[in-house]
Participant: 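Would you mind keeping the following structure in view while I ask a few things?
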Amino acid sequence: MAAAHAAAAATAGPVAGGDGAGRRAPRGRVTAVFGRHPVGLLLAAPYAVFVAAVFAYPLGFAVWMSFHDYFFAAPGAVVDRPFVGLDNYRAVLTDPQVRQAFGNIGVFLVINVPLTAGLALLLAVALNRVVRARTFLRVAFYVPYVTASVAVVGVWLFLFNSDGLVNRVLGPLAPDPSWLVNEGLAMPVIAVFVAWKQLGFFILLYLAALQNVPKELYESAAVDGASAWARFRSVTVPAVRPATALVVILATITGANLFTEPYLLTGGGGPNGSSASPVLVMYQRGIQQGQPDVAAAIGVLLVIGVLVVSAINRRLLERD
Amino acid sequence: MPRTPKRRPVTALRAVALFGGALVFLFPFYYMFVGSLQAEPDTSPAGAFPTSGLTLDNYRDINARVDLLGSLVNSGIFTGGVIACTVVFGILAGYALARLRFRGRGTLFALVLLVQVIPFQLLLIPLYVLIVRGYGLADSYLGMILPFAVNTTAVFVFRQFFLQLPDELFAAARVDGAGELRVLWSVALPLVRPALLTVVLLTFIGPWNEFLWPFLVTKQADMQPLAVSLANYISNVAARAANPYGAVLAGACVLAAPAVGLFLAFQKHFVSTDIGSGVKG
């Protein structure tokens with residue numbers, strides 16, 4: 001495999017130089033300063049440097065940008081970027097489009113998160129017990145997860161078009177205006193799309209959690225005469241609670257990152273901005289309209305929002 | 001077994017629900033493929049099961065508007081670059097974190113944990129400003145690869161595997177006078193092949209399917225990965241084509257096929273515990 005060859009080339013390089021020096025040096029002093037295996041520093045350095053360059057520094061830069069008047073200038077030009085305090089945040093919070101986008105993501109989460117967590121758990125429990133056709137079933141539920149959003153968006157556009165298969169099947173029951181151009185339905189369709197797309201990954205998480213549920217609990221529940229539903233409710237659901245907390249947090253983060261679906265499925269967040277997501281507005285404000293400082297402030301607010309939702313969710317799901 | 005009569009309906013119900021669900025999940029893929037072969041879009045229920053009029057014209061049509069081969073090469077270079085960086089940095093950091101005691105190891109591990117929770121939305125604008133405006137890496141493979149070059153999940157998966165290896169192996173190699181990199185290369189690496197496969201598969205999906213970042217970085221059509229070219233086609237050109245949906249679906253099939261094919265070939269390796277260990281740390 002290509003990657004393995006690349007790995008070989010890159011790891012073979014430093015063997016001669018770095019290693020010899022580390023081993024022959026007087027043990028005591030080197031150990032005191034760098035630890036027992038100083039070569040570990042060398043091995044971990046590329047990762048650490050990358051994290052600093054593409055995570056830590058941009059993270060600080062984003063926060064800094066959101067408090068300054070930042071605009072795009074010609075490369076190399078020295079321009080003044082004055083501190084403006086909370087001006088960018090004020091601009092964001094009074095912008096009706098941004099407020100609508102945050103509201104939209106609320107609608108998305110209310111539909112997507114329970115649907116994702118509920119279906120993923122039910123399907124994982126069912127898949128866990130199944131013996132025959134296991135491979136076929138697993139593949140069927142994971143395939144959307146491994147496929148590009150852009151590719152499956154194409155077929156959903158085709159399916160949910162006003163003249164598409166879904167409306168043809170529904171006949172007179174078809175919504176008017178149709179799904180993706182209906183202000184009330186565009187965001188729910190996106191929420192269902194993302195649930196379908198991501199479910200495979202969350203089923204995997206629940207399957208991993210189900211491996212750790214003690215069998216004795218089911219046996220004693222069965223002896224007590226509990227029905228399948230009662231066993232599910234009183235044994236499985238509490239036992240996988242940590243996984244549920246993780247699934248809810250990850251589904252929330254996925255939702256907060258929403259961009260491709262409103263960009264392509266509803267033609268840039270339409271109709272009337274009813275399916276615009278905060279990241280889509282960030283892209284429009286920051287890159288299309290050249291206000292990266294305002295976009296950075298949206299990013300900071302979005303992340304604060306995700307942290308608050310995650311904290312509430314932990315409180316609710318991880319209490320005993 | 002006294003429970004058998006009660007369990008049978010439950011089992012049947014479960015089978016029906018599972019197979020029904022599986023068909024619902026697979027239907028869009030079937031429809032994507034069928035639609036890509038139809039000369040005229042037929043959206044009636046009967047059109048989902050065509051008996052005649054299938055053609056490869058849509059593939060020719062999309063290829064005329066989007067350079068399929070060139071876009072696939074771009075997707076391949078982007079994906080290959082990300083996988084290579086992820087594997088190299090992941091193995092080095094994972095091994096160091098699992099088996100070596102050095103100053104700053106605790107700090108580094110805390111850093112690894114922290115990186116996992118930083119959301120990409122917060123980095124989107126500063127990364128764009130730095131990489132595109134600051135370093136002038138727009139329309140370059142390096143600009144596309146850079147933000148994905150380190151993958152914390154990969155570090156976790158490798159660390160997890162290196163931790164499972166018995167201590168005696170390493171002690172024996174060190175007694176024999178092998179240096180740390182020699183131990184990593186000759187003893188540890190051959191034993192973590194399964195992890196290598198897992199990481200390659202997990203990493204492949206990300207850049208191959210990634211849309212937003214390459215979309216921001218590439219404006220030149222000849223540098224765009226297929227996901228970006230196809231998205232541009234969907235949002236700009238599709239309205240003017242003879243059979244726009246057919247062409248879109250043909251492009252979608254080309255984009256989906258490598259990832260789905262790889263997944264089908266190696267689906268046994270998408271083990272729940274690997275993903276679990278990656279996420280939970």
Side-chain angles (χ1 to χ4, degrees), chain A residues 2-3 6-7 10-11 15 19 23 34-41 43-44 46-48 50-51 54-55 58-59 61-62 72 126 137 139-141 143 146-152 154-155 158 163-165 168-169 204 207-208 228 253 257 259-260 264 279 286 292 295-296 299 302-303 306, chain B residues 10 14 18 22 25-26 28 31-32 35 43-45 80 83-84 87-89 92-93 96 100-103 108 111 115 118-119 121-123 125-127 129 133 146-147 149-150 179-181 185 200 205 209 211-212 227 230-231 234 245 248-249 252 255-256 259-260 263 267 272-273 275-276:
Chain A
T11 7
V15 170
D19 191 35
R23 303 273 311 172
F34 297 114
R36 252 185 40 219
H37 301 118
V39 69
L41 278 172
L43 296 184
Y47 174 80
F50 252 101
V51 166
V54 301
F55 291 101
L59 184 72
F61 187 33
F72 294 127
L137 290 170
V139 165
F141 291 114
V143 157
V146 300
T147 314
S149 273
V150 174
V152 285
V155 73
F158 194 34
D163 192 32
L165 180 68
R168 292 291 280 274
V169 170
L204 275 181
L207 279 173
I253 292 173
N257 267 311
F259 174 84
T260 313
L264 290 174
V279 176
L302 188 57
V303 168
V306 170
Chain B
V10 174
R14 190 164 59 219
L18 274 176
F25 266 63
L26 287 179
Y31 203 53
M32 181 160 104
T43 55
S44 69
I83 292 177
V87 166
V88 172
F89 298 145
L92 293 176
L100 301 172
R101 329 224 140 256
F102 57 92
R103 178 155 299 216
L108 185 68
L111 195 71
V115 166
I118 297 177
Q121 315 94 307
L122 190 51
L123 303 175
I125 296 293
L127 277 176
V129 171
R133 302 269 167 169
L146 222 48
V150 288
E180 241 8 276
L181 281 159
W185 182 244
V200 169
I205 303 169
N209 295 344
F211 168 65
L212 178 54
L230 190 62
I234 291 176
Y245 282 117
V248 165
L249 295 181
L255 177 60
V260 172
F263 168 67
Q267 61 87 20
S272 48
T273 44
I275 304 219

Participant: For the residue pair B/L108 and A/A44, what are the closest heavy atoms and their distance?
Facilitator: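 That closest heavy-atom pairing would be CD2-CB, 3.3 Å.
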Participant: Main chain of B/R101, side chain of A/H37: is a donor-acceptor contact present, judged purely on distance under 3.5 Å?
Facilitator: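 Here the side-chain-to-backbone pair exists.
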Participant: Is A/F55 in contact with chain B via its backbone, its side chain, both, or neither, using a 4.5 Å heavy-atom distance?
Facilitator: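 For A/F55, heavy atoms of backbone and side chain both lie under 4.5 Å from chain B.
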Participant: Sort out for me which of B/A93, B/G35, B/A259 touches chain A most, counting heavy-atom pairs under 4.5 Å.
Facilitator: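 Among the listed options, the one with the most contacts to chain A is B/A93.
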Participant: What residue in A/V169, A/V51, A/V306 has the most heavy-atom pairs under 4.5 Å with chain B?
Facilitator: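 Result: the option with the highest number of such pairs is A/V51.
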Participant: Evaluate side-chain contact (heavy atoms from CB on, under 4.5 Å) for A/V139 paired with B/F263, printing each intermediate quantity in order.
Facilitator: CA-CA 8 Å; A/V139 165; B/F263 168 67; 4.1 Å; yes
Participant: Tell me, please, which residues at least two apart from B/F211 pass ring pair (Phe, Tyr, Trp, His ring centres under 6.0 Å).
Facilitator: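 Only A/Y263, B/F215 meet the ring pair (Phe, Tyr, Trp, His ring centres under 6.0 Å) criterion with B/F211.
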Participant: Compare every heavy atom of A/L137 with every heavy atom of B/A22, then report the nearest pair and how far apart it is.
Facilitator: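 For B/A22 and A/L137, the tightest heavy-atom pair comes out as CB-CD2, 3.9 Å.
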Participant: Supply the atom-to-atom distance A/F50 CZ to B/L146 CG, rounded to the nearest 0.5 angstrom.
Facilitator: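 Result: 5.0 Å between the selected atoms.
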Participant: Relative to chain A, which of B/L230, B/V260, B/L127 shows the most heavy atom pairs under 4.5 Å?
Facilitator: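 Most heavy-atom pairs under 4.5 Å with chain A: B/L127.
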Participant: Need one label for A/L59: side chain, backbone, both or neither, based on atoms under 4.5 Å from any heavy atom in chain B.
Facilitator: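 Both parts, backbone and side chain.
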Participant: With distance as the sole test, does B/N209 use its side chain to make a donor-acceptor pair with the main-chain N or O of A/S149 at under 3.5 Å?
Facilitator: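 Looks like no, no N/O pair under 3.5 Å.
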Participant: Give the minimum heavy-atom separation between A/R168 and B/S44, together with the two atoms involved.
Facilitator: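 Minimum heavy-atom separation between A/R168 and B/S44: NH2-CB, 3.4 Å.
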Participant: Using non-hydrogen atoms only, which part of B/L249 is less than 4.5 Å away from chain A: side chain, backbone, both, or neither?
Facilitator: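 Side chain only.
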Participant: Assert yes or no for the condition that the ring centre distance of A/F141 to B/F25 is strictly below 6.0 Å.
Facilitator: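 Yes.
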Participant: How many angstroms lie between OG1 in A/T260 and CG in B/L212, if you round to the nearest 0.5 Å?
Facilitator: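 It comes to 6.5 Å.
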Participant: Locate the shortest heavy-atom distance separating B/I125 from A/G286; write the atom from each residue and the value.
Facilitator: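 Where B/I125 meets A/G286 most closely, the heavy atoms are CD1-CA, 4.2 Å.
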Participant: Could you grab the distance from atom CG of B/L100 to atom CG of A/L41, nearest 0.5 Å is fine?
Facilitator: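 Nearest 0.5 Å value for the CG-CG distance: 9.5 Å.
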Participant: For A/P292 and B/V129, which heavy atoms make the closest approach, and how far apart are they?
Facilitator: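 Where A/P292 meets B/V129 most closely, the heavy atoms are CB-CG2, 4.2 Å.
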Participant: Could you check B/Y31 against A/L165 for side-chain contact (heavy atoms from CB on, under 4.5 Å), going step by step and ending with a plain yes or no?
Facilitator: CA-CA 10 Å; B/Y31 203 53; A/L165 180 68; 3.6 Å; yes
Participant: Return the minimal non-hydrogen interatomic distance between A/G299 and B/L122, and the atom names on each side.
Facilitator: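 So the two residues come closest at C-CD1, 3.8 Å.
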